[in-house]
Amino acid sequence: MSVEGAAGRAAAAGGGGVAKARLLYDPRFRSWAFQIALVVAVVLFFFWIAGNAARNLQQANIASGFGFLDVRAGFVIAETPIHYTDNSTYGRAFLVGLLNTIIVAFLGIVFATVLGFVIGIARLSKNWLVARLATAYVEVMRNIPLLLQLLFWYKAVLAVLPSPRQGLELPLGVFLNNRGLFIPRPVMETGGGMLLGAIGIAALATYLLARWAKARRMRTGHSFPMLRVGLAIMLGLPFVVYVLAGAPITFDVPELQGFNFTGGKQVSPEFTALLLGLSIYTSAFIAEIVRAGILSVSRGQWEAAGALGVRYGRILRLIIIPQAMRVIIPPLTSQYLNLTKNSSLAVAIGYPDLVAVFAGTVLNQTGQAVEVILMTMAVYLTLSLLTSAFMNWFNARYALVER
Amino acid sequence: MAEQHSEVDRFFVREQMVEAMPPPGVRRGAGDWFRRNLFSSVPNGIMTILALLFLAWSIPPLIQWAFIDAVWEGTNREACLGPDVGACWAFVKAKFGQFIYGRYPIGERWRVDLVFLLLAAGLVPMAIPSAPYKALNALFLLVIFPVAAFILLTGGFGLRVVPTEFWGGLLVTLVVAITGIVVSFPLGILLALGRRSKMPAVRLLSIAFIELWRGVPLITVLFMSSVMLPFFLPDGVSFDKLLRALIGVAFFSSAYMAEVVRGGLQAIPKGQYEAAAAMGLGYWPMMYLIILPQALKLVIPGIVNTFIGLFKDTSLVLIIGLFDLLGIVQFNFTDSNWATPQTAATGFAFAALVFWIFCFGMSRYSMFIERRLETGHKH
């Protein structure tokens, strides 16, 4: 009896042990246990830092919440694309910083793309000298930190330019000196709207004509001198309207008066340095992407097009680039994103971008580090998630459909 | 039938044979090389001439500035003042110690030299593919060297303690870069494996971590670690400024590393996983023995690119008040002993040269490895 009982207990215990062991080695159980432990640990960690933060902020007597956005900022910003005075709120300062970031990022993307494509194609040129020059440009620019380049342009080039009186005079009424770059500013007079309308109509007409010409070429094989006719429409129509409407747009050319220029548009040295640095640095990366994209199109495509008697420029434009774009676009988008994020280096040379205005001045004045940093990060994060969403959509749309 | 030919044919079909081309001319000598590579056509010739004009416009003044008009010797700004003075290399020469060691005590600088030497001793055999004992070498670089460097640089064990405020120059640049590399490599691999894990919680947390760091600029990460991190710690615990920057840089670069490694993992065919599982290997042995060795080999160029980016990004720590190479060079512009119009340009040229040598070296090395691993599958 006792033996049986002992054996039974042993069996039961053994069975329990096996069941336990089985549970321990069950992949599903292990996976769930691990995940629950991980989530609990992460949640506890966040509670811990949130508790610490609440206590520390209380001790440092710093308000929390986003109420500060409606408080008067009381500082001035050097460059304001929208109306802003020192009486405006911190929320308005945030907007100004955001707009400044967007302006410099947009212009930087345009310049970097143009420069990058030119240099990327030049690197593949048959001309030995041109190819070597493009290679040297890429290797120099992408191996020097962007911050160093920005500081170089700002402190070693633009800051040591002569004063306005002795400044450089460039063609088309552009002046360069240590106060920045002065360019003519277009002024709209009565009838200016007509001119803009004419440009719009010309663009629409050119687009429709190009569509028609392409469809006709597909159907019949007839070529149409699209470039010449398009240029004629794009330049001719606005010019005719310009003359007929009596020169409705004039240019306000900067003029030297006393120690500085009046009139025209002043581009600050900070903005110029930032735009130069960002465009040049990113263009080196874009050039490499373009080169890799073009090289990714197989040689047979070049040879086949050449055998059909298509000229070099047309091979590139009609056969190689469309196929290369598939490879180029994803990394190109991420370079655009990098440029946008890199524009935050503005803080080092004093251009009032989002980081300089908001995570710099506003943070120092309010001390609300957590809210300010989180908002700044949220802006960049949103931009970057939107871009990657676009990239995924584009990839899905243009991916090769293989049979 | 001829009438039936569609319009298309008229535009695309040639009716007579093309004239035979002349035999190829002599393809020898410098003249032929010039003709083929520089003046093969009229536009090509124009481009060559424009490029030559550009070189003639840019190179001589640069040489004039950097070498011929440059000042090599001098003890203060007097030497570099004057109307036609080029680069003020005397400034770099006078401040060279600071540029390398920062304000590290002069009597203790041998410790920094020793660290540099140990690093070179570990790195050079690691970089030469045919050098033996790779596993031991990696152990030295990833475990022994960081510990030794930490003790040597900070002090303790009978060495004088040197607080990190006194570190600077190339030393800080290398400390930030190497810490970032050493931490981000394993962390990046873990994150990449996490992102491809079948466990939803692990996958989501990995994706959130990676996208968060990749989505924000390094500046905001550094601001966060220098301004926000102190708030998150309990009372009485505070981190060194350099350490806070290191934490930011390490997380930031591990997110980028994770994406590079994920690329490699995705390139490994499913059969490898299945074969390993069929052999009865568990998850970790499968990853360690089968998948990762193949995946990492594939993405060596990407890993080196991440390292290059990280190395360049170390210069950003100057914005939160650390004196890396660029920071200390900039800081010395304010020295009134050396305030000349050429100081800034010379200092930047020096810093640019140092950064360029490191980055260009790394990129050439990655190209060398890429060629070595190439299997010849190219169209």
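Naming: A, B, ... by sequence-line order, numbering from 1 per chain.
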So which of [options] has the biggest tally of heavy-atom pairs under 4.5 Å with chain B?
options                                : value
A:Leu345, A:Asn342, A:Leu337           : A:Leu345
A:Leu308, A:Thr376, A:Asn338, A:Val370 : A:Val370
A:Val140, A:Leu374, A:Ile36            : A:Val140

Review point. If you count heavy-atom pairs under 4.5 Å between each of B:Phe39, B:Trp33, B:Tyr283 and chain A, which one has the most?
Key: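 Among the listed options, the one with the most contacts to chain A is B:Trp33.
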
Counting only heavy atoms closer than 4.5 Å, note whether [X] contacts chain A via side chain, backbone, both or neither.
X        : answer
B:Leu38  : both
B:Pro230 : backbone
B:Leu316 : both
B:Leu318 : side chain
B:Gln330 : side chain
B:Arg364 : side chain

Determine whether [X] and [Y] make a side-chain contact, defined as any pair of heavy atoms from C-beta on separated by less than 4.5 Å.
X        : Y        : answer
A:Gln35  : B:Pro200 : yes
A:Trp32  : B:Met199 : no
B:Phe231 : A:Leu57  : yes
A:Pro145 : B:Phe311 : no
B:Lys312 : A:Tyr281 : yes

Please classify the contact of [X] with chain B as side chain, backbone, both or neither, using a heavy-atom distance under 4.5 Å.
X        : result
A:Leu133 : side chain
A:Leu151 : both
A:Phe285 : side chain
A:Val42  : side chain
A:Gln59  : side chain
A:Val347 : side chain

Check your understanding: How far apart are the closest heavy atoms of A:Ala369 and B:Val227, and which atoms are they?
Key ->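 Here A:Ala369 and B:Val227 meet closest at CB-CG1, 3.4 Å.
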
Practice item. Indicate the atoms forming the closest heavy-atom contact of A:Asn143 with B:Cys359, along with that distance. Key: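 That would be OD1-CB, 3.4 Å.
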
Is it the case that over 12 heavy atoms from other parts of the model lie below 6.0 angstrom from the [atom1] atom of [X]?
X        : atom1 : result
A:Arg311 : CZ    : no
B:Phe34  : CZ    : no
A:Phe34  : CZ    : no
B:Phe333 : CZ    : yes
A:Tyr380 : OH    : yes

[atom2] on [Y] to [atom1] on [X], rounded to 0.5 Å:
X        : Y        : atom1 : atom2 : value
B:Phe223 : A:Ser344 : CZ    : OG    : 9.0 Å
B:Glu259 : A:Ser334 : CD    : OG    : 11.0 Å
B:Thr220 : A:Met375 : OG1   : CE    : 14.0 Å
A:Asn127 : B:Met47  : CG    : CE    : 5.0 Å
B:Ile219 : A:Lys341 : CD1   : NZ    : 12.5 Å
A:Phe45  : B:Phe232 : CZ    : CZ    : 8.5 Å

Check your understanding: Okay, side chain of B:Trp356, backbone of A:Glu139: is any donor-acceptor separation there less than 3.5 Å?
Key ->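 Judged by distance alone, yes, a pair lies under 3.5 Å.
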
Check your understanding: Checking B:Asn44 side chain against A:Lys126 main chain: does a donor-acceptor pair fall under 3.5 Å?
Key ->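 Between the backbone of A:Lys126 and the side chain of B:Asn44 there is no qualifying donor-acceptor contact (under 3.5 Å).
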
**Study point:** Residue pair B:Phe348, A:Gln149: steps toward the side-chain contact (heavy atoms from CB on, under 4.5 Å) verdict
**Key:** CA-CA 8 Å; B:Phe348 285 135; A:Gln149 296 192 27; over 6 Å; no

Exercise for review: Tabulate, in ascending numerical order, the residues of residues 48-55 of chain B having at least one heavy atom closer than 4.5 Å to a heavy atom of chain A, or enter 'none'.
Suggested key: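 Near chain A, by residue number: B:Thr48, B:Ala51, B:Leu52, B:Phe54, B:Leu55.
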
